[in-house]
Amino acid sequence: MSESEANSSAAPQAKHDSSRETPSLNTLGATVREFFVDFLGSLVPGFFFISLSAPLLTWLLWLFRDSVILQSGSPLAVLPPLQLITSFRIELVSAVLVFAYVLGSVFFRQDPKIPDQESAAHVLANITDINEVGRLVIQPPADEWDQQKEALKKRAPGEKLFTLDQAKRWATSEGGQYPYSHLKQYLERRGLGHLAEYVTWNWEGGDSEEDKRRLKDIRSKMFINVLKVRLQYCVPEKCSEIVRNEAHIRMMSSVWYACKALQKLYWWTLVAALLPICVIVIETRSFRGLLPWSMQMVALALFSAVPAKLLRVRIKKFIHYQRVREIVFVLETAWFAQERGQKGILTRLPGEPDAKASGAAAGNV
């Protein structure tokens, strides 16, 4: 074998080795990133919940403590709890972190669908422009919308188009399921027709009732999940923005669930406090002793329940936009990767007819 032939055969081999090394580095980086996303994404919501719920539970325990002292004078009830806690500082911190991680994992794994639908209902309920309805990913049923258009012509300028009940009904219906009923129309009317052609479902298409039903039924969140798997396999170095956006959605969704749990805990704390309050009233034969506890109850509401409610309202205003943004990022990344030579990323998608998929695959050969 000549020297030139040896060099020519060695060049592809070196290129092949380099191509094998790069994915391994990408895989390591992705693994580290996913670890921090999962770890912090679970720890932060759990620690947030514990930080705001601890004063509630402490207040309830002190209320029971005072009622037990008044009722029986038990020496166990007057044991200084703070002294007990400070004697186990390291153990307490470790237990709190572990419990925060476990509890946060429960919040982190909750389905983002519920806060997303609440956010979508908020968007629908605040629309004032008729032309904006056709640019949404979730739209009213066609027959219902046609009937309502005539009545809306008489409305005052700036008046909201839909009631909150209507918005909730549409957002929680089949059309409000991720990745949404009118995604194709949303992309087309926002100048993203090159992405809309790959959306396999169409809630405004179909000639017969059977075709209309079929074009609705093929909508599935597996459409986006399949694209994410393909992108991670073909162009993992281009998925950082997608992973980051998904992490933000998961984080905000888990905080939303933590806030909802805090609100419920506050009301359950008030219900549980009725028993020691009754004991205090009976033993003191006066309602004056309840004044400090009432003031503390209001303070706890301002510290935990009210911030939780305000945070839920704030998350409700933007998490739907974040999920729509995620879809656009995934589709655009897949489209551009295919344009740059990654053939097959946008073929054989869930819901795609076999004939079309076969033709597209044949065209890529």
Side-chain angles (χ1 to χ4, degrees), residues 23 26-27 29-38 40-41 108 110-117 119-120 122-123 132 135-139 171 175-202 218-256 315-352:
N26 290 331
T27 302
T31 302
V32 173
R33 183 169 60 247
E34 288 174 7
F35 169 76
F36 280 106
V37 167
D38 286 343
L40 294 178
F108 191 73
Q110 294 291 311
D111 193 347
K113 178 178 70 174
I114 305 300
D116 178 33
Q117 289 179 340
S119 180
H122 172 78
V123 172
E132 192 65 23
R135 291 162 55 86
L136 299 174
V137 290
I138 302 173
Q139 298 180 19
Q177 301 288 327
Y178 182 88
Y180 315 116
S181 57
H182 289 75
L183 178 62
K184 180 183 284 289
Q185 288 72 30
Y186 169 87
L187 295 171
E188 289 173 345
R189 292 168 193 180
R190 293 181 182 267
L192 298 171
H194 64 290
L195 303 181
E197 64 177 285
Y198 294 103
V199 178
T200 54
W201 63 96
N202 185 2
I218 58 179
R219 183 212 57 78
S220 170
K221 64 181 178 182
M222 291 306 298
F223 175 84
I224 297 297
N225 292 338
V226 166
L227 284 177
K228 287 180 180 178
V229 170
R230 295 177 181 181
L231 289 172
Q232 286 284 1
Y233 182 81
C234 297
V235 284
E237 71 280 2
K238 304 298 181 184
C239 295
S240 59
E241 187 65 27
I242 296 174
V243 172
R244 188 181 302 114
N245 194 60
E246 184 177 1
H248 289 166
I249 292 170
R250 283 286 180 181
M251 172 69 77
M252 290 300 100
S253 172
S254 56
V255 171
W256 185 90
I315 293 173
K316 178 178 68 176
K317 292 182 178 181
F318 67 80
I319 193 170
H320 178 64
Y321 292 111
Q322 287 290 104
R323 297 210 83 190
V324 175
R325 180 174 178 265
E326 178 189 26
I327 297 172
V328 175
F329 261 84
V330 170
L331 282 171
E332 180 63 25
T333 305
W335 178 83
F336 196 70
Q338 182 165 271
E339 290 294 305
R340 296 296 296 270
Q342 295 292 339
K343 301 296 184 182
I345 288 184
L346 290 168
T347 59
R348 295 189 180 277
L349 293 171
E352 192 175 64

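Residues take their numbers from the sequence shown, with the count starting at 1.
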Peer 1: With rounding to the nearest 0.5 Å, note down the distance linking CZ in F329 to NZ in K238.
Peer 2: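 If I round to the nearest 0.5 Å, the distance is 13.5 Å.
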Peer 1: Can you tell if the side chain of L346 reaches within under 4.5 Å of the side chain of E197, non-hydrogen atoms only?
Peer 2: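 With C-beta onward as the side chain, the pair stays apart.
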Peer 1: Return yes if some donor-acceptor pair links the side-chain N/O of S119 with the main-chain N/O of Y321 below 3.5 Å, else return no.
Peer 2: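 Judged by distance alone, no pair lies under 3.5 Å.
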Peer 1: Verify side chain to side chain contact (heavy atoms under 4.5 Å, CB included) between R325 and I249, making sure each step is shown before the conclusion.
Peer 2: CA-CA 10 Å; R325 180 174 178 265; I249 292 170; over 6 Å; no
Peer 1: According to salt bridge (Lys or Arg N to Asp or Glu O under 4.0 Å), who are the partners of E188, at least two apart in sequence or on a separate chain?
Peer 2: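 Salt bridge (Lys or Arg N to Asp or Glu O under 4.0 Å) list for E188, sorted by chain: empty.
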Peer 1: Quick one: are Q322 and M252 in side-chain contact, heavy atoms under 4.5 Å?
Peer 2: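 No. Closest side-chain heavy atoms not under 4.5 Å.
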Peer 1: Run the side chain to side chain contact (heavy atoms under 4.5 Å, CB included) test on I138 and H320 for me, step by step, so that the C-alpha distance in whole Å, both residues' side-chain angles and the decisive distance to 0.1 Å come before the verdict.
Peer 2: CA-CA 11 Å; I138 302 173; H320 178 64; 4.0 Å; yes
Peer 1: Would you say K184's side chain and V199's backbone share a donor-acceptor pair under 3.5 angstrom?
Peer 2: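 Confirmed, K184 side chain pairs with V199 backbone.
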Peer 1: Using side-chain heavy atoms (C-beta onward) and a distance below 4.5 Å, is W256 in contact with I114?
Peer 2: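 They are in side-chain contact.
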Peer 1: To the nearest 0.5 Å, what is the distance between CD on E246 and CZ on R323?
Peer 2: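 With rounding to 0.5 Å, CD (E246) is 9.0 Å from CZ (R323).
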Peer 1: Could you tell me whether the side chain of Y186 reaches within less than 4.5 Å of the side chain of Y180, counting heavy atoms only?
Peer 2: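 Of all side-chain heavy-atom pairs linking Y186 with Y180, none is under 4.5 Å.
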Peer 1: Is there a side-chain contact between P179 and R219 in this structure, where contact means two heavy atoms from C-beta onward sitting under 4.5 Å apart?
Peer 2: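 Yes; the side chains approach each other to less than 4.5 Å.
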Peer 1: Side chains of S253 and I319: closer than 4.5 Å at any heavy-atom pair?
Peer 2: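 Yes, side chains in contact.
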Peer 1: Between R135 (side chain) and R189 (backbone), is there a donor-acceptor pair under 3.5 Å?
Peer 2: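 Judged by distance alone, yes, a pair lies under 3.5 Å.
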Peer 1: Quick check for you: to the nearest 0.5 Å, what is the distance between I315 atom CD1 and H122 atom NE2?
Peer 2: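 The NE2 atom of H122 is 13.0 Å from CD1 of I315, to the nearest 0.5 Å.
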Peer 1: Measure the spacing between CH2 of W335 and CD of Q342 and express it to the nearest 0.5 Å.
Peer 2: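 If we round to the nearest 0.5 Å, W335:CH2 and Q342:CD are 14.5 Å apart.
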Peer 1: Identify the two heavy atoms, one from E326 and one from Y178, that lie closest to each other, and give their separation to 0.1 Å.
Peer 2: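 Taking every non-hydrogen atom into account, OE1-OH, 3.1 Å.
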Peer 1: Please name the pair of heavy atoms, one in I218 and one in T200, separated by the smallest distance, quoted to 0.1 Å.
Peer 2: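 Of all heavy-atom pairs spanning I218 and T200, the closest is CD1-O, 2.9 Å.
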Peer 1: Answer yes or no: is there a side-chain heavy-atom contact under 4.5 Å between L187 and L331?
Peer 2: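 Yes, at least one pair of side-chain atoms sits under 4.5 Å.
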Peer 1: What are the two closest non-hydrogen atoms of L227 and A334, and how far apart are they?
Peer 2: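 Distance-wise, the nearest heavy atoms are CD2-CB, 4.1 Å.
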Peer 1: Counting C-beta onward and ignoring hydrogens, is there a side-chain heavy-atom pair between V243 and Q232 closer than 4.5 Å?
Peer 2: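 They are in side-chain contact.
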Peer 1: Assess whether side chain to side chain contact (heavy atoms under 4.5 Å, CB included) is satisfied between V235 and R230, documenting all intermediate values.
Peer 2: CA-CA 8 Å; V235 284; R230 295 177 181 181; over 6 Å; no
Peer 1: Enter the distance from S240:OG to N245:CG here, rounded to the nearest 0.5 Å.
Peer 2: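 S240 OG to N245 CG: 11.0 Å, rounded to 0.5 Å.
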Peer 1: Check for me whether the distance between the ring centres of F318 and H248 falls short of 6.0 Å.
Peer 2: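 Not close enough - the centres of the two rings lie 6.0 Å or further apart.
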Peer 1: I'd like to know whether L136 forms a side chain to side chain contact (heavy atoms under 4.5 Å, CB included) with H182, so could you lay out the CA-CA distance, the side-chain angles of the two residues, the decisive distance to 0.1 Å, and finally the verdict.
Peer 2: CA-CA 7 Å; L136 299 174; H182 289 75; over 6 Å; no
Peer 1: Give a yes or no answer on whether the side chain of R250 reaches the backbone of F108 with a donor-acceptor pair at less than 3.5 Å.
Peer 2: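 Yes.
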Peer 1: Kindly compute the distance separating OG1 (T333) from CD1 (I242), expressed to the nearest 0.5 Å.
Peer 2: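 Between T333 OG1 and I242 CD1, I get 4.0 Å after rounding to 0.5 Å.
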